There are 2 protein chains.
Amino acid sequence: MDDLVALRKLVPELDEVVERRYSLLKIVRNEAPIGRRFLAALLGSSERVTRTELEILREQGLIVTSSVGVELTAQGEQVLTLLQNVVREFHDIEYVERRLEKALGVGKMIVVPGDLDSNPSGKRDLALAAARYLKGVLREGHVLAVSGGTTLAKVAECFSGQDVPKNVTVVPIRGGLGEDAKIHANSIAVTLADNIGGSYRQLHAPEDVLPCYLEQILSEPRIREVIALGRRADILVHGIGTAEEMARRRGFDDASLMELIADGAVGEAFGCYFDAHGNIVRNTTSVGLRLEDLERIPLVVTVGGGHSKAWAVMAVLSRGYCDVCITDEGVARRLMSLKEIT
Amino acid sequence: MDDLVALRKLVPELDEVVERRYSLLKIVRNEAPIGRRFLAALLGSSERVTRTELEILREQGLIVTSSVGVELTAQGEQVLTLLQNVVREFHDIEYVERRLEKALGVGKMIVVPGDLDSNPSGKRDLALAAARYLKGVLREGHVLAVSGGTTLAKVAECFSGQDVPKNVTVVPIRGGLGEDAKIHANSIAVTLADNIGGSYRQLHAPEDVLPCYLEQILSEPRIREVIALGRRADILVHGIGTAEEMARRRGFDDASLMELIADGAVGEAFGCYFDAHGNIVRNTTSVGLRLEDLERIPLVVTVGGGHSKAWAVMAVLSRGYCDVCITDEGVARRLMSLKEIT
DNA sequence: TCCCTCGGGACATTATATGACCCGCCGGGG
DNA sequence: CCCCGGCGGGTCATATAATGTCCCGAGGGA
């Protein structure tokens, strides 16, 4: 039993206060400058009580209010960073991590407080955690393979150039998908490589092609080469999606989507749709790394949060290819209950 | 900046809550079983608010209430122990220690949260701190010299037999004084030796004698021997008194007392009365160690708390004989302001 | 046995937090 | 340019929680 535990025993009402103010600060950090009324709506509490909290935090010098709204001070940023440890302890996250590692057979679970679905500001924390972890394992000359998705885009952003080994090559494992170019694996590779001062490759191909063209595309030397490089990556970091979200992004019509869901698809990764047991229920003919390629990669890191992705995470993890899973509390708690862990 | 600092920034109202409940628990520990009304009086707050606090703490399992009053649970004891670290941090005690070490030229300051004058329950904390420190420095075969006083008596009580080097000899440095035999150096030596499984000597003499008899008493072989042993002690731990309190204990009448005070006497130790600069303004012809004997003792530990003793502590410390000073926050804060430290 | 203090219940009263609505200000867009 | 929407901040009635006050039956010690 340590200091914080004793403190919580002495002041039980501390928990909810910390909860409220912590998420408030987190929202302020990510949405700044933000107005009081809007903030209240995001927090799900009334305007007046939000205001009281803001007054307290302003007196403490954690935030400043101006005519444009509320913003964090430098001290507020610092405090917020430190608070993550506190909240981890309040939520018993270490325990959750250890239990899930055992129950899911994953080498390492990293759980970030919060739930991306209920508070999207947490995406930055998740991304920071991923970036911090990756920085710890990257070595000089490594090949780092990356997937696409909003989460990975944020991870790439969060890499700072400090303390990063040189000569890292970042290689995308998928072609383009949908419209938003910023979340393609290609752009992510660029951003990440820039941020760590490494080099990158590009996979100039659509993500999903008609089967008849697949072979032709794969025979293209520059594409083959990039895919081959991805296969012998030292580290692979990939996102995770719910089946529904990814299907929509791929432009499924309602009928196909319903069929997919009916087949039990809950999660998606690498162009494969998984059911809750980790079985592949649908496969796309895609340009890029395949699931079976993961086996050869020494370190596979899965990143994703938001409780709606819990099934997806479980499906992907149960394939057994994932070495490190970085997720949020929303997912972790749901996994706990799915696995009937107390 | 660490976790607790961030937490306090986030929840500023935490300070007073911790303050209230911490001192409540401390009183409960030392006065248990204690009634709600009495407790309220000691805390200086109303009965009703005390009751609310008690209800919260009982729900947390830190205390139990029965028909005899309030008591700590085992968990409550544990939490209370851990809370001392928290309170130390809340009160910035490390900083105070470092500053006072420099300002007073003392090798080591150990400051315990609280003020013995306003809350006597803290005496146990002070004694525990002293006991813990002494246990850390005692070595096999050491001679440990002890003075008298209520504080030292508590220190002796607080020694547990665990992890204590053997063959320690405890020797009193003063004869008997006043009526209450439990706080004589002699009894303290006995208690302490018993608790650490060592041996003890006794100084069978009054503390204060008429000058004409002094030489005769000092020539008594068994007394000379004990005093000689005290002079070559490895460690000396002694208490500290206000001039007024000690004079009263020695039976001064009002006139003599006023004269003493008029001479600037503020503190007492070893039968000497000091003024605020550490000058000796009065000396008693006493049986036992003299001030000048301290110079030869490698480690002199001074123990005393309660803000009324601040002048006394400063006087004794300014003699330069003290290597380690164990005191409470009441003294420390007053010393800070006397020395104009911010 | 009596009596004193214990914890706990009850309730009017007060302090505090909240809801609701207002204002003047500022900046961006028409 | 001006207008308008969102901004922070003030105000005050009201809801909610904390507190003061008094009481009760129980249990332990003289």
Side-chain angles (χ1 to χ4, degrees), chain A residues 10-77 120-121, chain B residues 10-77 120-121:
Chain A
L10 189 75
V11 191
E13 62 269 37
L14 188 60
D15 279 45
E16 58 177 86
V17 180
V18 169
E19 202 69 40
R20 263 204 317 270
R21 296 188 190 166
Y22 178 69
S23 44
L24 190 153
L25 285 182
K26 233 167 52 175
I27 294 181
V28 170
R29 178 182 63 188
N30 289 47
E31 312 288 328
I34 183 177
R36 185 216 303 158
R37 309 181 211 323
F38 198 38
L39 195 53
L42 287 179
L43 286 168
S45 61
S46 86
E47 183 198 327
R48 191 60 183 76
V49 13
T50 303
R51 192 170 155 185
T52 309
E53 301 283 21
L54 286 174
E55 276 160 6
I56 295 171
L57 295 175
R58 190 185 39 191
E59 265 180 30
Q60 294 302 305
L62 303 184
I63 58 172
V64 283
T65 56
S66 68
S67 66
V68 292
V70 184
E71 285 170 279
L72 280 193
T73 61
Q75 195 188 20
E77 297 261 10
S121 328
Chain B
L10 189 74
V11 191
E13 62 269 38
L14 187 58
D15 279 45
E16 57 176 90
V17 180
V18 169
E19 204 68 41
R20 264 204 316 270
R21 297 191 189 163
Y22 178 68
S23 45
L24 189 152
L25 285 181
K26 231 167 52 174
I27 294 180
V28 170
R29 178 182 62 188
N30 289 48
E31 312 289 330
I34 183 176
R36 185 214 305 157
R37 303 168 186 36
F38 197 38
L39 195 52
L42 287 179
L43 286 168
S45 61
S46 85
E47 182 197 327
R48 191 60 184 77
V49 343
T50 303
R51 190 168 156 186
T52 309
E53 301 283 19
L54 287 174
E55 276 160 5
I56 295 170
L57 295 175
R58 189 185 40 190
E59 266 181 27
Q60 294 301 306
L62 303 183
I63 58 173
V64 282
T65 55
S66 68
S67 65
V68 293
V70 183
E71 286 171 278
L72 281 193
T73 61
Q75 196 188 20
E77 297 261 12
S121 327

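Labels below follow one simple rule: chain letters A, B, ... track the order of the sequence lines, proteins then strands, and each chain is numbered from 1. We use all heavy atoms of the structure for the numbers below, so side chains are in, but hydrogens, waters and symmetry mates are not. A quick note: this is a predicted structure, and the numbers were derived from the prediction, not measured.
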Response to the item:
The reported gap from CZ in B:Arg21 to CG in B:Leu62 (rounded to nearest 0.5 angstrom) is 9.5 Å
Practice prompt. Would you mind telling me which residue lines up with the more 5' stretch of DNA chain D, B:Ser67 or B:Arg48, judged by nearest nucleotide?
Written response: B:Arg48
Give a yes/no on whether any side-chain N or O of [X] is located under 4.0 angstrom from OP1 or OP2 of [N].
X	N	value
A:Thr65	D:dC7	no
B:Arg36	C:dT5	no
A:Arg58	D:dG9	yes

So, for [X] and [Y], which heavy atoms are closest and what is the spacing to 0.1 Å?
X	Y	answer
A:Leu72	A:Arg29	CD1-CB, 3.4 Å
A:Ala40	A:Ser46	CB-O, 3.7 Å
A:Gly61	A:Gln75	O-OE1, 3.3 Å

Report the distance from atom [atom1] of [X] to atom [atom2] of [N], rounded to the nearest whole Å.
X	N	atom1	atom2	answer
B:Arg51	D:dT21	CZ	C1'	11 Å
A:Ile34	D:dG8	CD1	C1'	14 Å
B:Glu55	C:dA10	CD	C1'	13 Å
B:Leu54	C:dC6	CG	C1'	12 Å
B:Phe38	C:dT5	CZ	C1'	12 Å
A:Glu59	D:dG9	CD	C1'	14 Å
A:Ile56	D:dG8	CD1	P	16 Å
A:Glu13	C:dA17	CD	P	13 Å

Fill in: Residues A:Arg36 and A:Glu47 bridged, charged N to O under 4.0 Å
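Yes, A:Arg36 and A:Glu47 are salt-bridged.
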Worksheet entry | Nearest to side-chain heavy atoms of B:Val68, which nucleotide of D:dG28, D:dG20, C:dC21 | D:dG28
Worksheet, complete the sentence: Of the candidates D:dT19, C:dG7, C:dT18, the side chain of B:Thr52 sits closest to D:dT19
Practice prompt. Under 4.0 Å between any heavy atoms, over every strand shown, what does A:Leu39 touch: base, sugar-phosphate, or nothing? Just pick one.
Written response: nothing
Worksheet item: Going by modelled atom types, is there a donor-acceptor pair between the base of C:dG7 and the side chain of B:Arg37 at under 3.5 Å?
Response: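 When only heavy-atom distances are counted, B:Arg37 does reach the base of C:dG7 through a donor-acceptor pair under 3.5 Å.
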